[in-house]
Amino acid sequence: MKYCNHCKVYIRDKREKCILCGNTLPNAKDDGEEIFPNIPPYFENHLAIKIMALISVIIVVSSFAIDIIFPSEINWPILVLLGIISMWFSLYFLIQRRYHIPKKIIQQVAIISLLAVFWDWKIGWKGWSLSFVIPIACIGAMILIYVIAKIMKLSLRDYITYALLDGIFGIVPALFLLFGWVNFIYPTVICVALSIIFLSALFIFHSKDIKDELDKRMHI
Amino acid sequence: MKQTRTNWIKLDNASKYFPAVANNKDTKVFRIICELYEQVDPQVLQEALDLTLESFPLFRSVLRRGLFWYYFELSNIYPKVELESKPICAPLYFKDRRNLLFRVSYYNRRINLEVFHALTDGTGAFWFLENLIYHYLTIKYKDRFKDIPPLNPKASISQKMDDSFKKNYSEDIKYFNDKRKNPKAYQIKGTRNEENRTKLIEGSMSAKKVLNLAHEYNTTLTVFLTSLLIYSIYKEMPVNKRNKPIVLSVPINLRQFYESKTARNFFSTMDIIYDFKNSHPDFNEIIKNVQEQFRRNLTKEMLDKKLKHFMSLEQNPFARIVPLSIKDIVIRIVDKLGSNRITSSISNVGKIVLFEEFKDFIKQFSVCVSARRLSVTLCSYDDKLVISFTSPFEEADIQKNFFHFLAERGIDIEITSNL
């Protein structure tokens, strides 16, 4: 063990300088012990994201540049910009909630639905977002949650809330039908029907679990 | 596959604060360390950990977010002991990740238990570690310890799971009227450690000698060391900042004041304030003042009031129906505002007592906390008192003053640091 003559203390671990005063320690017979591991600095590798960010900037800037050099009738660079913003938005949520897959699926359904409505509206309202995207996203999510829950052997409480939420989402398109907002009704009808069956099944088989789960999550 | 019905538990009063304010700079994780005289055997440690967990079911829970409050959900995750490979007090709670709130690691002769503060306080964690060490040594040295009495469970499982805040607060006590807010306290400044790591400096010394020294000043160990910390900080205060008081936050273990054997959080804190008012300080003067503040704060009446105050915040109907994410933001803001009223903190976790027979195997125990500001923690085992400073800053002048004071009075100190 080395001894610091300035601080009058023994220094147990291996080091050249006193941790308290910074003075060089005199040599001693015993060099000191290794008490703490040397932990290398932790660099988070965000290289892929940085490259994607640069590519996004290049695409947006060059589309505006091309538009200025070769003007066209429609303002397509704006669409490129919005497209890239949509992609990043979606990606952000995907990376954020890395640990909770059913929750992530539900979030993606909400994001995709909102973005689809937005795009549909932006490029002249054709109604495809309500007719196709939302119902198909709901059905897809329902199947996906179930399959993932089985594959990953999630326990019921890990996904029941999200299954429930998706079932309720899936009934919402019934309103679109009611207000006559959809021109092509098959996906919507299938989605609503499946959701009702799915929700009923949940309630019939798992009403106790649903109640427990709600008690837990909603306790005041 | 049949679902097992799983239990869940509400967080106790103090625990509610930690998940809201934990971040990468201040992880709200604390570490307790048991240093043996020999290399740690990971396999035996794993066996010991498995056994210990059976007596501490709460340690197997994960922290989850409800709509209004956080809650613990009992999990069936099995913890693995790991070779120490993370900075001290590395984060343990991650939003939306389902993981246990403690980790057991080892390096050479040391066994480290790191715990997220929402799970339990120092007393609870030490209790867990005592169990772990008991099992470790009795498995490893079966023959030698075959006659040792079985570990006496100090409490039933339900007592250990007890929410003692709720149990011990009474509605009748008059509302705690603490309108008199502390003034802005002196803040220690410095260069941040790389990657916001925590710098730990541990000083290990004879408990008896320090106690004798405290007695020379006619006071107790905790009051003596608290005063010494104030004195050490004062020496580094720039002259133009000396008009601000030094405020130390000191946690109080409530188990000694109320009947409780909980292995969960049960503590309160008091602020020890010393205002130099530009005067020249005298160490004896500081001790007298600190002793008086300890005496005033450590009465049942005062603690009752504080308990009531914190419980009433939680019981407030309006606070209850606010969604959790908004609660989190409010707690974070209040916490930020309050942080400039504290200079540093000092916590004496106390004396650890194990079977006499283990003395030949255990060198010392120590404890340290994640540090948003300079923090001091101490504990003793046998005749070894270990005082640990954790700091977000590279500078170590206050630590130097502190240990220098003791060394000059004839106490041999062994210093260890992680950075």
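A note on names: the letters A, B, ... follow the listed sequences, proteins ahead of strands, and every chain is numbered from 1.
Interatomic distance, Ile413(B) CD1 to Tyr10(A) OH, rounded to the nearest 0.5 Å: 11.0 Å. Note that CD of Gln399(B) is 11.0 Å distant from SG of Cys7(A), once rounded to the nearest 0.5 Å. Here Thr416(B) contributes atom OG1 and Arg15(A) contributes atom CZ; the two are 8.5 Å apart, rounded to the nearest 0.5 Å. The distance from atom CZ of Phe36(A) to atom CD1 of Ile33(B), rounded to the nearest 0.5 Å, is 4.5 Å. Of the inter-residue distances, the one linking Ile39(A) atom CD1 with Tyr107(B) atom OH reads 9.0 Å to the nearest 0.5 angstrom. One distance of note links NE2 of His219(A) with CG of Leu67(B); it measures 10.5 Å at 0.5 Å rounding.
When Arg217(A), Glu33(A), Lys8(A) are compared by the number of non-hydrogen pairs under 4.5 Å with chain B, Arg217(A) comes out ahead. Here Tyr71(B) is the residue among Tyr70(B), Tyr71(B), Phe68(B) with the most heavy-atom pairs under 4.5 Å with chain A. With chain A as the partner, the residue from Asn112(B), Asn108(B), Ile411(B) showing the most heavy-atom pairs under 4.5 Å is Asn108(B). Annotation: maximal heavy-atom pairing with chain A below 4.5 Å, among Arg65(B), Glu35(B), Glu194(B), occurs at Glu35(B).
Taking every heavy atom of both residues into account, Val9(A) and Phe403(B) meet most closely at CG1-CB, 4.5 Å.
For Lys199(B), the part sitting under 4.5 Å from any heavy atom of chain A is the side chain, from C-beta outward, and nothing else. Interface residue Arg320(B): backbone and side-chain heavy atoms are both found under 4.5 Å from chain A. The contact between Leu419(B) and chain A is made entirely by backbone atoms, counting heavy-atom distances below 4.5 Å. Contacts between Leu324(B) and chain A at a heavy-atom distance below 4.5 Å are absent for every atom of the residue. Heavy-atom distances place both the backbone and the side chain of Ser417(B) under 4.5 Å from chain A. Glu34(A) touches chain B through backbone and side chain together, each having a heavy atom under 4.5 Å away.
The environment of Trp125(A) atom CH2 is dense: over 12 non-hydrogen atoms of other residues, nucleotides or ligands sit within 6.0 angstrom. Heavy-atom contacts from other residues, nucleotides or ligands closer than 6.0 Å to OH of Tyr3(A) number more than 12. Within 6.0 Å of CD in Glu16(A) there are 12 or fewer heavy atoms belonging to other residues, nucleotides or ligands.
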